[in-house]
Amino acid sequence: MLDLRQLRENPTLIEEGLLKRGLKVDLTSLKKDIEKLRNLEQQRSELQSEGNLIGKEVGQQIRNGSKPNSKEILFLRNKGNEIKKKVALLEEEEKTLSKKIKSIILHYPNIPYKGCPEGKDDSANKLIRKWGHPKKDENYKEHWQIAEKLKIIDTERSVRIAKSRFATLFNQGARLERALINFMLDIHTSKGYIEVLPPALINTASLKGSGQLPKFEEEIFRCSEDNLWLTPTAEVPLTSLHRDEIIPFNSLPLKYVAYSPCFRREAGSYGRDTKGLIRLHQFNKVELYWFTNADRSKESHQQITADAESILQALELPYRVIELCTGDLGFSASCTYDLEVWLPGSNAFREISSSSNCDDFQARRSSIRTKQGKQTNLVHTLNASGLAIGRTMAAILENGQQKNGHVKIPEALVPYFGEKELKPQ
RNA sequence: GGAGAGGUGGCUGAGUGGUUGAAAGCGGCUCCCUGCUAAGGAGUUACAGGAGGCAACUCUUGUCGAGGGUUCGAAUCCCUCCCUCUCCGCCA
């Protein structure tokens with residue numbers, strides 16, 4: 001959420017920021033509304049102050065022995081009633097106005113940080129670094145072809161059970177998924193992350209707090225009967241872990257790692273990535289999440305990104321780091337690095353992690369602060385996938401594929417998986 | 001699903017109409033004392049909005065789960081909703 005005071009005092013700065021994202025917005029009328037609201041608040045509180053004095057006066061006189069029906073007290077009560085009427089009118093006006101303002105600003109995304117590369121779409125994204133050596137020389141199969149041969153993924157049965165865009169894993173496939181989750185959690189917790197297993201069903205306030213609602217309702221599965229939603233990413237419950245809290249300053253940064261299943265409706269992606277593990281309604285993910293103070297959020301972003309990268313390195317999967325340009329940023333982010341893993345089968349880099357600094361955007365929506373001396377400040381929040389499990393499995397299948405149809409398991413994963421390769425069982 | 005109890009500051013917990021934004025305890029912070037440690041003493045310790053000094057402050061409004069109502073005045077009375085807990089039933 002954008003800062004009301006900044007909207008009032010420096011709307012052009014925000015207009016410029018939104019414009020960089022490709023949003024042309026004229027904030028003059030919003031600014032006027034905010035000022036009007038401030039005005040109403042002031043008038044109202046002056047009246048209330050007057051009313052409070054009258055209330056005290058009545059109490060004083062009664063304690064001094066005046067009768068409740070004495071002339072003086074009846075006079076004061078009358079006066080109090082008049083004030084009450086005026087206050088009620090102002091309050092009503094105030095409420096409509098502040099509702100209007102809030103509904104507008106909840107729809108505005110975060111503004112990009114100063115150094116964010118400017119551009120309209122992903123063509124303006126910036127290559128930051130590369131790691132490993134992408135295999136390009138041979139004729140590689142795609143991961144779903146490999147998986148089919150090994151009989152570790154069954155899509156048709158998934159349709160029977162649920163519908164399209166679901167996967168059912170068998171044998172070594174199911175085992176590999178489990179191994180990857182444990183492997184990633186172990187690496188991150190060994191670095192000081194606190195492991196969390198959050199609920200998969202989450203409430204509306206949580207989704208508003210992290211920025212998924214009100215704008216992206218159509219992307220999230222809903223249990224309308226209970227007014228709960230299926231979590232689209234652990235980022236949501238992790239943000240709400242500290243919603244409406246003041247975190248002690250000396251416990252920052254708070255670093256969490258959570259495994260969670262993720263559910264997405266994938267509305268509007270019909271026909272894209274229909275095969276395999278790349279785009280499913282349900283997938284597993286290990287998510288990293290930091291609460292930190294504003295001073296340290298830039299360096300924290302480097303660190304959380306490096307922590308996500310360390311998994312790819314440990315699995316010997318070639319990847320590159322891309323900084324998203326202003327037009328490609330997600331709703332809550334002010335700066336994002338995508339980690340893209342190399343998939344030799346499709347001869348392309350594919351997003352496997354997104355690492356974002358949301359600065360105080362989510363913290364303001366969720367009211368998460370820290371106290372430094374007498375000052376209470378919003379914290380900064382950062383998140384990074386570390387990593388998406390299904391896509392990691394796809395990458396392992398494609399990068400580890402052998403000519404005989406077997407798949408080599410990365411060495412670091414062997415203790416978790418228990419075998420050195422995938423082969424027909 | 002049936003019956004009951006309750007939601008108060010970082011926490012425990014008092015408070016049923018009038019200087020109660022809220023006792024007390026714990027915790028936190030500051031200072032003092034002590035040769036380290038432990039113990040002790042004094043003080044301090046909610047959040048949000050607004051106005052003014054535009055800095056360390058002062059004034060003001062709101063906030064005791066949320067919303068509405070009664071009243072000159074509500075944490076305290078009434079209504080609605082949400083949530084938590086206990087017992088019984090059912091069930092991993």
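Per chain, numbering begins at 1; letters A, B, ... match sequence-line order.
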Out of C47(B), U61(B), G50(B), which has the shortest distance to the side chain of Gln42(A)?
G50(B)
Given U60(B), G49(B), A48(B), which nucleotide is nearest the side-chain atoms of Ser49(A)?
U60(B)
Where the side chain of Arg369(A) is concerned, which of U61(B), G67(B), C47(B) is the nearest nucleotide?
C47(B)
Any side-chain N or O of Arg44(A) below 4.0 angstrom from OP1/OP2 of G49(B)?
no
Report yes if a side-chain nitrogen or oxygen of Asn52(A) is closer than 4.0 Å to either non-bridging phosphate oxygen (OP1 or OP2) of U61(B); otherwise report no.
yes
Salt bridge or not between Glu94(A) and Arg44(A)? Use side-chain N to carboxylate O under 4.0 Å.
yes
G-U wobble or Watson-Crick pairing nucleotide for U12(B) (cut-off 3.5 Å, both distances):
A24(B)
At under 4.0 Å, does any side-chain N or O of Lys95(A) touch on OP1 or OP2 of G62(B)?
no
Which listed nucleotide (G50(B), U60(B), G18(B)) is nearest to the side chain of Ile62(A)?
G18(B)
For U37(B), the Watson-Crick or wobble partner whose two distances fall under 3.5 Å:
none
Look at the side-chain N and O atoms of Arg63(A) and state whether any lies under 4.0 Å from the OP1 or OP2 oxygen of U19(B).
no
Taking OP1 and OP2 of A51(B), is either one under 4.0 Å from a side-chain nitrogen or oxygen of Ser45(A)?
no
Which of the following nucleotides, C72(B), U61(B), G50(B), is nearest to the side chain of Arg38(A)?
G50(B)
Do side-chain atoms of Gln362(A) reach the backbone of Gly209(A) as a donor and acceptor pair under 3.5 angstrom?
no
Which one, G62(B), G73(B), G18(B), comes nearest to the side chain of Lys84(A)?
G73(B)
Closest approach to the side chain of Glu41(A), judged atom by atom: which nucleotide of G49(B), A51(B), G73(B) is it?
G49(B)
Starting at the 5' end of RNA chain B, which residue's closest nucleotide do you reach first, Arg5(A) or Ile246(A)?
Ile246(A)
Any strand: nucleotide that pairs with U19(B) via Watson-Crick or wobble, under 3.5 Å:
none
Arg77(A) or Arg8(A): which one's nearest nucleotide on RNA chain B is closer to the 5' end?
Arg8(A)
Is the closest side-chain donor-acceptor distance between Thr292(A) and Ser297(A) under 3.5 Å?
no
Is there a Watson-Crick or G-U wobble partner for C91(B) with both distances under 3.5 Å, and which nucleotide is it?
none
Answer for the Watson-Crick or wobble partner of A75(B), both distances under 3.5 Å, is none
Looking only at the side chains, is there a donor atom on one of Ser310(A) and Asp307(A) sitting less than 3.5 Å from an acceptor on the other?
no
Which nucleotide, if any, forms a Watson-Crick or G-U wobble pair with A51(B), using both distances under 3.5 Å?
U58(B)
Check whether the side chains of Ser334(A) and Asp359(A) place a donor and an acceptor atom closer than 3.5 Å, and report yes or no.
yes
In whole angstrom, what separates Glu94(A)'s CD from G67(B)'s P?
13 Å
Does A42(B) have a Watson-Crick or wobble partner in any strand here, with both distances under 3.5 angstrom, and which is it?
U30(B)
Indicate whether any N or O donor in one side chain lies under 3.5 Å from an N or O acceptor in the other, for Asn383(A) and Ser356(A).
no
Counter-base of U84(B), judged by Watson-Crick or G-U geometry with both distances under 3.5 Å
A5(B)
Counting the atoms with a prime plus P, OP1 and OP2 as sugar-phosphate, which does Ser367(A) contact under 4.0 Å by heavy atoms, base, sugar-phosphate, or nothing?
nothing
